[in-house]
Amino acid sequence: MDRPSNSQISSTNFYKTTSDVRLATASLYGGSHWWAWSNECWIPLGDVLSGTASFPYNGDLVQLFTRTITAQNGLVTRGWIGLYNTVAQCNTVIKAIQEKADPSISEVDKNAAIAEAKFIRAMAYYHLGIYWGAVPIIEDNSKLIKDPLRNRNIVSDVYKFVANDLTYAAQHLPKTDEKGRVTTWSAQGMLGKAYLTMAGVGKNGSRDQALLDSAKKYAGNVCKNSGLKLFPSYYDLFKVQNNDNPEALFSLQWAGGVGYGTGNALQQLFAPDNIITPQKQGGWMALAPSYDLYRMYSSRDTVRRKATIMLNGDFYPELIAADGGYTAKGTGMKKHMVGNEKDNNLPTMDSWSSPEHNAMLRLADVYLVYAEAILGNNSTTSDADALHYFNEVRERAGLNKVTVLTPAALRTERRVELAFEGQYWIDLVRYSYYDPANAVKLLNDQDATHGRISFTYDPVTKIATRDTIAPPAALPATIASFTLPIPSSELTTAPKLAEPPVPYY
């Protein structure tokens, strides 16, 4: 009865070779545990909450757009569960490698594998901290089984945990690896972003300079010493044939044709027109870009605009190419729309599983983090490094260089560069940590100027007109608007989550 199985894979008979360990960490880059977050929550929480997009019919999305979010909101619940499922998977792999890996596997290989898992766990916890603030930190799943009633941990300790995981990852990940896997540059880039976020926690008006310096150190090291460059074409950056290009520091890995629950369903859910999708299915929650986002694009910023949002009359030769291409019939999200099975030469591709490897951390993001860390608490900067990397992002988009940086210019550049990549709400939460009054004002100004509304576009006159039908009324923003409620289902099973958070360290 105690004889190990010869046919079933388990932790006792699996971690025998470096290949086994690599296979275990490969499973962390995609699949069912990332499904709920990446497909259903990443863009709605990152871009709808922030006023970049709206969808007027889905109740959960309307709550995000109007700041009337309840603890029963399905997107909030699935986001929480999805991220914690990812944490649990990472914990399982880390513990198995530490306890079960065969002695023949070198320490370098074991540490690198643990570093991969810690990087991905840090990504999950970074988003948990951004959206929910104080959350439970869980490193060992077995302890949770023995004591499931856990307290939340204070926000600063959540980010400290993230930084610790990323520091380990930066030390033990290689400088290069096979396409799609994270490297030390991935970890250092994310560490710079984490320190930039941490610098504002608990501050009001001025960020912690030592943490800004740490952000500058790690992001700057990626910028100057990694040898990585921005992908030459912003428009082509998001095409399937350019998956895992050097600019993509961390991308989720998806296969086409795996079906519901384990693939990339961004196109299925958010396509502006089902004619561009496999089997002509999908587009159930076609997100409308807001007028507020549209007006962020300057008249010259046409490459990024067309790669990110469709306007009426836009032509996309790469979509339904066999039929001569696709002409947009209205406004919609273009980013993540990669076409059907013929466009991708992938007969097995189905509507639920796009082959796009969507990037959650890009080099352009790190360039802008570096510029912001240099700007720090100043109202302007003409620092040569800050300007160089900020202008690298602009020049790729075909825009003129700037000679002075301001906080507002950085926020706008990040919003446009990273639109529909789940980033703008992260930027606003970071802003709310150290300048809560102005962060709240920014959200309320969107409402006051009717920016949080969809629009129509006339391809002849090239004029965008805000929709006359008023969107659902949004509640006035307050500092509490920057933290999502804990899902009611979690509070029911773990009532200690309602108690004040406690230190972890």
Side-chain angles (χ1 to χ4, degrees), residues 23-47 55 58 60-61 74-75 77-90 93 116 120 123-124 127 178-182 237-245 248 250-287 318-320 332-361 420-422:
L23 187 59
T25 56
S27 70
L28 301 176
Y29 286 82
S32 58
H33 54 278
W34 274 113
W35 163 271
W37 174 258
S38 175
N39 290 303
E40 298 185 82
C41 305
W42 178 51
I43 290 175
L45 294 184
D47 292 285
F55 181 78
N58 178 287
D60 288 338
L61 282 169
L75 294 171
T77 300
R78 289 191 288 277
W80 174 286
I81 291 172
L83 291 173
Y84 268 112
N85 282 347
T86 297
V87 168
Q89 292 289 336
C90 292
V93 170
E116 278 187 283
I120 294 171
M123 288 293 294
H127 287 86
E178 63 186 82
K179 286 182 66 174
R181 290 196 184 254
V182 292
L237 179 61
F238 306 99
K239 292 182 177 179
V240 170
Q241 57 263 41
N242 297 317
N243 276 345
D244 307 319
N245 63 78
F250 172 56
S251 297
L252 297 182
Q253 305 291 299
W254 305 107
V258 295
Y260 180 85
T262 56
N264 179 345
L266 294 175
Q267 193 169 245
Q268 166 80 327
L269 295 172
F270 304 125
D273 190 336
N274 64 12
I275 196 173
I276 66 175
T277 65
Q279 294 90 48
K280 297 182 180 180
Q281 297 176 359
W284 299 331
M285 295 187 292
L287 293 179
E318 73 274 19
L319 300 179
I320 52 174
M333 182 173 77
K334 166 60 173 71
K335 199 172 284 184
H336 312 298
M337 301 301 116
V338 299
N340 60 27
E341 64 275 24
K342 292 181 181 178
D343 297 328
N344 292 282
N345 192 27
L346 188 62
T348 60
M349 181 180 175
D350 60 65
S351 59
W352 284 108
S353 41
S354 162
E356 180 206 12
H357 296 177
N358 52 299
M360 297 187 69
L361 180 68
F420 291 111
E421 295 179 56

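Because the structure is a prediction, the values reported are computed rather than measured. Any value given below was found using the heavy atoms of this structure, including those in side chains, with hydrogens, waters and symmetry copies removed.
Summarising the geometry of L83 relative to A124, their closest heavy-atom pair is O-CB, 3.8 Å, with the distance given to 0.1 Å. Across all non-hydrogen atoms, the minimal contact from V338 to L319 is C-CD2, 3.8 Å. When all heavy atoms of S354 and M349 are compared, the closest pair comes out as CA-CE, 4.1 Å. Here the closest heavy-atom approach between residue L287 and residue L61 is recorded as CD2-CD1, 4.3 Å. Between Y29 and W34, the shortest heavy-atom distance links the atoms C-CD1, 3.8 Å. Closest approach of P278 to S351, counting heavy atoms only: O-CB, 3.7 Å.
Annotation: side chain to side chain donor-acceptor pair (under 3.5 Å) contacts of R78 (sequence neighbours excluded): E40.
Contact of the R181 side chain with the T25 side chain is registered, since non-hydrogen atoms from C-beta on lie closer than 4.5 Å. Between E116 and L28, every side-chain heavy-atom pair lies at or beyond the 4.5 Å cut-off. Side-chain contact check for S38 versus N358: some heavy-atom pair is nearer than 4.5 Å. Counting only heavy atoms from C-beta outward, the side chains of H33 and Y84 never approach each other to under 4.5 Å.
Atoms NZ and CZ, on K335 and F238 in that order, are 4.0 Å from each other to the nearest 0.5 Å. In this structure, OG on S353 lies 8.5 Å from CG on N264, to the nearest 0.5 angstrom. Interatomic distance, CG of N340 versus CD1 of I275, reported as 9.5 Å (0.5 Å rounding). Note that OG of S27 is 6.5 Å distant from CD of Q89, once rounded to the nearest 0.5 Å. Interatomic distance, D47 CG to F270 CZ, rounded to the nearest 0.5 Å: 9.5 Å. Atoms CD1 and CE, from I43 and M333 in turn, are 4.5 Å apart once rounded to the nearest 0.5 Å.
Judged by distance alone, the side chain of N245 and the main-chain N or O of N242 form a donor-acceptor pair under 3.5 Å. Using a distance-only test at 3.5 Å, with no hydrogens or angles considered, a donor-acceptor pair links the side chain of W42 to the main chain of E421.
Here K280 does not pair with E341 in a salt bridge; the nearest charged N to carboxylate O distance is not below 4.0 Å.
In this structure, W37 has its ring center under 6.0 Å from that of H127.
Heavy atoms from other residues, nucleotides or ligands lying under 6.0 Å from NZ of K179 number more than 12.
In this structure, a donor-acceptor pair under 3.5 Å is present between the side chains of E356 and H336. At a cut-off of 3.5 Å, with distance as the only test, a side-chain donor of H357 or Q253 sits close to an acceptor on the other residue.
Classification of the W35-W352 ring pair by plane angle, with boundaries at 30° and 60°, yields tilted.
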>> Walk me through whether T277 and N274 qualify under side chain to side chain donor-acceptor pair (under 3.5 Å).
In response: CA-CA 5 Å; T277 65; N274 64 12; 5.9 Å; no

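Residue pairs meeting the salt bridge (Lys or Arg N to Asp or Glu O under 4.0 Å) criterion with at least one partner in residues 260-275, sequence neighbours excluded, are D273-K329.
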